[in-house]
Each structure stands twice: as structure tokens, then as C-alpha cells.
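See below for the structure under consideration.
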Number of protein chains: 2
Amino acid sequence: MAETATHIDIPCQRCKVRNRAICAALDDEQIVDLNAISEHITLERERTVFFESDPADYLYNIIDGNVRIHKSLADGRRQITGFLYSGDFLGLSVAGVYPYSAEVITTTTMCRFSRKGMTKIIERYPAFEHNLLQLASHELAAAQEHVLLLGRKTAAERLCSFILNTAEKQIGGISDQRAKLPMTRQDIADYLGLTIETVSRTFTRLKKTGTIRLPEPDTIEIANFQQLEDLALGEAAA
Amino acid sequence: MAETATHIDIPCQRCKVRNRAICAALDDEQIVDLNAISEHITLERERTVFFESDPADYLYNIIDGNVRIHKSLADGRRQITGFLYSGDFLGLSVAGVYPYSAEVITTTTMCRFSRKGMTKIIERYPAFEHNLLQLASHELAAAQEHVLLLGRKTAAERLCSFILNTAEKQIGGISDQRAKLPMTRQDIADYLGLTIETVSRTFTRLKKTGTIRLPEPDTIEIANFQQLEDLALGEAAA
DNA sequence: CGATTGCTTGACTGGGTTCAAGGCCAGTGG
DNA sequence: CCACTGGCCTTGAACCCAGTCAAGCAATCG
């Protein structure tokens, strides 16, 4: 077999998130170019990927692990705007800087692209930018859903929405009625605009009403999917 | 003078938002193509532009007027996710449908492009998609700022942030220390995740502390910019 | 095995909501 | 010209959901 470019070992081609990440926009030949500007990095738990208002020199794809992104007020109040899982993309910027901080929750391996290199890739393969737009639109819709949650849902509705979203994002989807919570109660509280105590109490109430089970603090089992969904959508019987 | 394409009357070329809207991505020659797929529409106050989950057949640019976008829960609770002003863009979709509803607040004239036509423009001028991505990133950052506001700010901080943002978006910017409020108190409440009564009471309190003036219910004057900004950023003296 | 960290639970508080009037103003019609 | 109406905003009083303050518990770690 001739030793053409596509037969040389290209790490990207056997990447475990190859088909779920933005790289899916490129075929095996095109991805050689992407491979050339990418590198893997691994960060330990609680390490910062970047800070809000840092120059946005890199884009990231999460290969394995979990990342949280947040914004803060001067006095320390924190609002987590998202939790990212393997396959997720990170690093959209505005005016050349990141609009939020990012930290890894568990030890996380990411694929990192330089923005400069990315610009060249985009010039060559417009499909890549098209994918980025799709992705940004999707994130925008998710952020607006988050706005609805924070602006108009009760504590129980917020937590149920969170459980559903988290389960959907896990490998295997929502089908196995089970979700791991890689983040702490404080993280959940800061995502849902609540306090740690309210999160804990609401978990307890959902257990008592038979909506969920919590075999361990970081493992949720959905006991009554219909009830959970009705609550999440604000359609529970008054 | 020869009658080349650029000298024929192209409405887009004399559009008042020509340089502030996404059309700015195209030069005078390229915009001829955009002109071919665009049309103006005018809607009276309180009319719906589109509903959440409608097929996203059109993209819009606001020429003159004001639009609000929102999401709702089954029982009628409403969360406004944004107010749009002239020059603003509207219509990013996910999976072919709009992720929110849009209504005009005041009589509004918009420029409308068909999505199909847009796809062709993008193929010809990749700069257009690049601009859409910039725009989506910008909206995403704004949505995350909104998430911070709803999740972690007090009523007074929310209202101050809103006043600042609104003033900045008005023609002339924040410099004249004055802003028109085209929306009702109910709209403001549904944007800030509060009730109409809390909005009203908070306006009164801000008046009493000399932060703002309200010569008319729909006209705000910034009396103490520093105080307003400190409050908006959550940096006010405890 | 004490110390630390993370989670839960209880008692009390308070900011914002709910419920209820009342005021203001533009539009309408007698 | 003024009474009436309805929409919108403001104000007051009572209430309640989530926050605050304070223990206590369970698992992990040095």
C-alpha cells in the first residue's frame, strides 16, 4: 500500500471524540491539516483552563473529563454558565478575549488549536466555520434556556431541568435512567442560581416524592421520569 | 457615466442601518446580490414576527423599531431574553426552527431575507458567514451576562444593569445620560426575572437615592452615573 | 484517629411576590 | 367640556420561598 498522507499515523483519525466534536466537519484527508495545529493537554481537577478577559489564543475540544465555565461579580458571587462534557467545544471569543473563565472539574484531557492556525483552516475549509456557527447557535439556544430557568423557574423546577439535561449529556443518553454528577453541590447551586442548602433540601424532597433516587451523593437515578419531566417543564400539578 | 450595476438604484446601498447590520460584511457590489433576496416588512405594535419552534424560513434585520424575544412555560410564565433595536439582527435558528418567539414592541420595519437565498449568498461570500459567527458569539456572551444577572444579582443590581445596557444601545450611546424605554414595566419585569411591582418599587428607590430621574415613566435620566455603574456591577457599598 | 471536606438538616430571617387599592393619563362619547 | 373607561404604573400590607446562620454527619486523608 502506498504511503500517502492519509495512511501516515494521524492521531486525530483515531480520536475518541472524532465524530462528536467540531472535527466532524472535516473528512479524513482534511483533518490532517487540523492535526498539524492541534496538541493535547491534560489538566488536573480544579485547574484553570483560562480566565475571563484573557486573550483568546486557543480553541479547545474536550476529549475526556469535565469543564465548568463561569462569570463572577466583584464581591465573589459566582454564576456557572455551563458544564461541558467530552466532545464539547470551548473557546468562542468576543473581541479577541474569552467572555468567561473555564476550569476543569475532574482531570481533563483536551485538544487545543491555536486561533491563528484555525483561521487558516477556515480559509481553506469554509465548512469548518459553518460548523462553528451551528455550534454557536446551539450554545446560544442553551443559554436562553438557562435564562428561562433562572428567571422563571422554582428551585424544584430548576433542579429537575438540571437533572434531565445532565442525564441527556452523559454517554449512553438518558435511556439508562442514571446520571453521574461530576460537580459539587456548590457548583450545582452556582449553576442554578440557588444556595447549596436549597439544592440539598430539594434533592431530599425529590427523593421523598419518589421522583429520583440518590444511591450516592454523586449518582442520580431517575425513579419517575414523567414526574421529573413535568416538574422540569413547569407542568407539575399545582 | 456608464450605467453599471453599482449605479442602478440599490435600496440596500442607502439603507439607514447599512453599516451597523450584518450587511456591513458585504461591499457595495456584493450587496446587490443581497438586495435581490431581501424585502421590507412593517409590523404594528404587539404583532408577532414568529413563534418559538416555527420553521426558520427567514432572517431579519431591524431597520427601525423595537422587538422583544421571549420563551414561555406551559402555565404562561414568560421570560424575555432580549430587546432588539434598529440595526440588530434576528433569526438564528437551531435544527431549522426558531428557539424563541419574537414580537414587535413599537411599529417596526424590518429587512427580511429568505434562508434559502441566504445560503447561496454565504456560498459566494464566506465573509458573510464569518460575520454571522461573530454576531452569534456576541449574542452568546450577552446571554451569559443575562444568566449572571438572573442568577446572582439583586433586584436593584438587575435594574441598574438593564438601564445601563439600554442606554448604551440607544442611538447616541450613553453619552447624553438619557434613555427611552420603549417597553412596558411588565416587559422589564419579564426580562429581569422580577414582578412588575418590584420593578416599580426599585425605580422609586433609585429615584430617591438620586441615582436616576424619571421625568416620564418611559424616559430615564442618569443622575449619578458612578452610583448606577457600581450598583450594576454589584460593587455598591454594602 | 483527629482533621478536613462535602453534604444534609433545622430554625429563623428577609427580599421579593402576592394580593389589593389607588393614582395618572389618554381616548371616547354624551 | 367633563364624566367614564381602560391601560399602565405606583404604593401598601401580608406572606412565602429561598437565603442565612448554625449544627451535625459521613467519608476521606494525612
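The model shown is predicted, which means the values in this text are computed figures rather than measured ones. Lettering follows sequence order; numbering is per chain, from 1.
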Under-3.5 Å donor-acceptor pair between B:Glu197 side chain and C:dC19 base:
yes
To the nearest Å, how far apart are B:Ile220 CD1 and D:dC9 P?
12 Å
Report the distance from atom NZ of B:Lys207 to atom P of D:dT10, rounded to the nearest whole Å.
6 Å
Nearest-Å distance, CG (A:Leu214) to P (D:dA26)?
16 Å
Closest approach to the side chain of B:Thr195, judged atom by atom: which nucleotide of D:dA18, C:dC7, C:dT17 is it?
C:dT17
Using atom CD of B:Gln186 as one end and atom P of D:dG7 as the other, report the distance to the nearest whole Å.
14 Å
Could you tell me how the ring of A:Tyr191 sits relative to the ring of A:Phe162: parallel (under 30°), tilted (30 to 60°) or perpendicular (over 60°)?
tilted
With a 4.0 Å cutoff (strictly under), does any side-chain N or O of B:Thr198 reach OP1 or OP2 of C:dG16?
no
Is there a salt bridge (Lys or Arg N to Asp or Glu O under 4.0 Å) between B:Arg112 and B:Asp57 once you walk through the steps?
CA-CA 10 Å; B:Arg112 189 171 83 168; B:Asp57 295 331; over 6 Å; no
For B:Arg47 and B:Thr108, run side chain to side chain donor-acceptor pair (under 3.5 Å): C-alpha distance rounded to whole Å, both residues' side-chain angles, the deciding distance at 0.1 Å, then the answer.
CA-CA 9 Å; B:Arg47 280 299 162 82; B:Thr108 298; over 6 Å; no
5' precedence on DNA chain C between A:Met183 and A:Arg152 (nearest-nucleotide basis):
A:Met183
Closest to side chain of B:Ser200, choosing from D:dG19, D:dT10, C:dT8
D:dT10
Polar contact flag, side-chain donor to acceptor under 3.5 angstrom, A:Thr219-A:Lys180
yes
Output the rounded distance in Å from CG (B:Leu192) to C1' (C:dT17).
15 Å
What is the separation between atom CZ on B:Phe203 and atom C1' on D:dC8, rounded to the nearest whole Å?
13 Å
Would you mind reading off the distance between B:Asp218 atom CG and D:dT10 atom C1', rounded to a whole angstrom?
16 Å
Could you check whether B:Thr106 and B:Asn66, counting side-chain N and O atoms only, form a donor-acceptor pair closer than 3.5 Å?
yes
A:Arg201 side chain near C:dT8 phosphate (N/O to OP1/OP2, under 4.0 Å)
no
Starting at CG of B:Leu181 and ending at P of D:dC8, how long is that distance when rounded to a whole Å?
15 Å
Under-4.0 Å side-chain N/O to phosphate OP1/OP2 contact, A:Thr204 with C:dT9
yes
